[in-house]
Each structure stands twice: as C-alpha cells, then as structure tokens.
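Written below as structure tokens is the structure these notes are about.
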Amino acid sequence: MALFAASTQDAETNRRFAESLDLDYPILSDPDGETAEKYGVLMTGIPLARRWTFYIGPDGRILHIDKDVQTARHGQHVAEQLERLETPRRP
C-alpha cells in the first residue's frame with residue numbers, strides 16, 4: 001500500500017508542512033494544478049484543490065472518492081474506508 005498527499009503548493013512549502021506535522025508519508029507538489037485539474041479537484045478561479053481523498057487500487061483504478069473531508073475526523077474515516085476496501089494494515 002502507498003500513502004501520500006498532494007497539494008498545489010510548491011515542494012518546499014509541502015516539505016516544511018509535512019515536517020511540522022511529523023508525517024510519515026510525502027506530500028506531492030502540483031504547483032501548476034495540472035494533475036488536480038485532471039482529477040477534477042481544482043477550484044475555479046483559484047489555484048487550490050478541493051480536499052478530496054482518492055482510494056486507488058494496485059491496478060490504478062479509482063475504488064472510492066471521499067468528497068466530504070472533515071479534517072477533524074478524516075483520519076478515522078480513512079481507516080474505516082481502508083478496512084471496507086480490505087486494504088492490508090501498514091506495519
């Protein structure tokens with residue numbers, strides 16, 4: 001299983017943010033918004049992406065999209081969705 005986040009911020013900003021939260025996964029950078037646009041999450045008129053979570057299978061197919069991300073409980077929601085998708089736990 002691979003876990004990562006993506007942001008329209010530049011790589012250095014994402015690195016500092018990940019360090020500030022002591023994340024154990026990378027935050028990928030999409031400063032031109034090209035990838036965000038392809039996934040349909042780029043906001044109209046501003047270079048920011050909506051906070052959606054995509055669950056992508058090993059074959060590259062999108063298995064689920066969570067469009068109602070509530071940051072205070074999102075970690076729990078991710079864990080529950082991974083269990084529903086029968087994803088092996090991280091060591």
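Along the sequence shown, the residues carry numbers beginning at 1. Note that these values count all heavy atoms, side chains included, but never hydrogens, waters or copies made by symmetry.
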Heavy-atom pair of closest approach, residues E34 and D30: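 Closest heavy-atom pair between E34 and D30: N-OD1, 3.2 Å.
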Nearest heavy atoms of R50 and L42, plus distance in Å: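 Smallest heavy-atom distance, with atoms named: NH1-O, 3.3 Å.
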Table please: side-chain donor-acceptor pairs of residues 3-11 below 3.5 Å, with sequence neighbours left out.
residue	atom	partner	partner atom	Å
S7	OG	Q9	N	2.9
S7	OG	N14	OD1	3.3
T8	OG1	P47	O	2.8
D10	OD1	E12	N	3.1
D10	OD1	T13	N	3.0
D10	OD1	T13	OG1	3.2
D10	OD2	T13	OG1	2.8

Members besides Y39 in its Ile/Leu/Val/Met/Phe/Trp/Tyr cluster (side-chain heavy atoms under 4.5 Å):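 Taking Ile, Leu, Val, Met, Phe, Trp and Tyr as members, Y39 shares its hydrophobic cluster with V41, W52, F54, I56, I62, I65.
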Those residues that, when tested against H64, pass ring-ring contact (aromatic ring centres under 6.0 Å, His included) (two or more places apart):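 Residues passing ring-ring contact (aromatic ring centres under 6.0 Å, His included) with H64: Y55.
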Could I get the full list of ring-ring contact (aromatic ring centres under 6.0 Å, His included) partners for Y25, not counting sequence neighbours?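 Applying ring-ring contact (aromatic ring centres under 6.0 Å, His included) to Y25 gives none.
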For [X], does the [atom1] atom have more than 12 heavy-atom neighbours from other residues, nucleotides or ligands under 6.0 Å away?
| X | atom1 | value |
| --- | --- | --- |
| E80 | CD | yes |
| D59 | CG | yes |
| R84 | CZ | yes |

side-chain hydrogen bond (donor to acceptor under 3.5 Å, both in side chains) against E86, all qualifying residues, sequence neighbours excluded: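 So E86 forms no side-chain hydrogen bond (donor to acceptor under 3.5 Å, both in side chains) with any residue.
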Got a sec, which residues hit side-chain hydrogen bond (donor to acceptor under 3.5 Å, both in side chains) with T53, two or more places apart in sequence or on another chain?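 Once residues adjacent in sequence are excluded, the partners of T53 under the side-chain hydrogen bond (donor to acceptor under 3.5 Å, both in side chains) criterion are H74.
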Among Q76, H77, Q70, find the residue that satisfies the side chain to side chain donor-acceptor pair (under 3.5 Å) test when tested with R73.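 So, applying the side chain to side chain donor-acceptor pair (under 3.5 Å) to R73 and each of Q76, H77, Q70, only H77 qualifies.
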Flag the pair R51 / T71 as yes when at least one side-chain heavy-atom distance between them is below 4.5 Å, and no otherwise.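 They are in contact (side-chain heavy atoms under 4.5 Å apart), so the answer is yes.
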How many angstroms lie between atom CD1 of I27 and atom CD of E19, to the nearest 0.5 angstrom?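 Between I27 CD1 and E19 CD, I get 10.5 Å after rounding to 0.5 Å.
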